[in-house]
Amino acid sequence: MSAAAAEGPADTVAQPPQLCEAVNVLCGDVADYIRADVECVRTDVSLLEAMNKAAAGKFAAVSDTTAACTGIMADLQAHYTAIKPYLEKIDLVYLQVSELEKVVLSLDEYSKRLEGKFKKLQSNK
């Protein structure tokens, strides 16, 4: 066996120092790119967390407002139920007043006709 065969496979080639330096620079640049990409993702995640917390706060405020509105609506419903009989009486009085206005208008027209007839009778005497 030869000395080269004893050291390793026959296709092993000695690498020039510039190639090793270029590979080291390439690996460093790839590592820098990956670090920057990971930092960008970390920043995005932090932003999403902040947005999530802000949205949760807004939704909590909306929930509180909805709960307050529900309570107010229940109070209004109770008040409406309490005054409903009076409102029905008011509606009934309104209908009766409308009917009374019609009767008054009819009586007014009738009295004008009677007055006209009376004046006619007096002028004929």
For residues 44-66, please give each side-chain donor-acceptor pair under 3.5 Å, one per line with the distance, not counting sequence neighbours.
unit_1	atom_1	unit_2	atom_2	d
Ser46	OG	Arg42	O	3.1
Thr65	OG1	Ala61	O	2.9
Thr66	OG1	Val62	O	2.8

Report summary line: When rounded to the nearest 0.5 Å, the distance separating CG of Asn24 from CG of Asp29 is 11.0 Å
**Report entry** Which residues share a salt bridge (Lys or Arg N to Asp or Glu O under 4.0 Å) with Lys84, sequence neighbours left out
**Finding:** none
Query raised in the report: So, do Leu121 and Lys117 sit near enough that their side-chain heavy atoms are less than 4.5 Å apart?
Result: no
Query raised in the report: When rounded to the nearest 0.5 angstrom, what distance separates SG in Cys40 from CG in Asp37?
Result: 6.5 Å
**Report entry** Residues clustering with Leu114 (ILVMFWY side chains joined when closer than 4.5 Å, directly or via others)
**Finding:** Tyr110
Report summary line: When every non-hydrogen atom of Pro85 is compared with those of Ala82, the smallest separation belongs to CD-O, 3.6 Å
Query raised in the report: After noting the C-alpha distance and the side-chain angles of Lys119 and Glu115, does the key distance pass the salt bridge (charged side-chain N to carboxylate O under 4.0 Å, His left out) rule?
Result: CA-CA 6 Å; Lys119 287 182 181 179; Glu115 185 180 358; 3.5 Å; yes
Requested in this report: May I have all residue pairs that pass side-chain hydrogen bond (donor to acceptor under 3.5 Å, both in side chains) and include part of residues 86-104, sequence neighbours excluded?
Outcome: none
Query raised in the report: With sequence neighbours excluded, what pairs up with Asp32 under the side-chain hydrogen bond (donor to acceptor under 3.5 Å, both in side chains) test?
Result: Arg35
**Report entry** ILVMFWY cluster, Val30 and Val38 together (side-chain gap under 4.5 Å)
**Finding:** yes
Report task. Sequence neighbours left out, what passes side chain to side chain contact (heavy atoms under 4.5 Å, CB included) with Leu76? Give chain and number order. Result -> Ile72, Met73
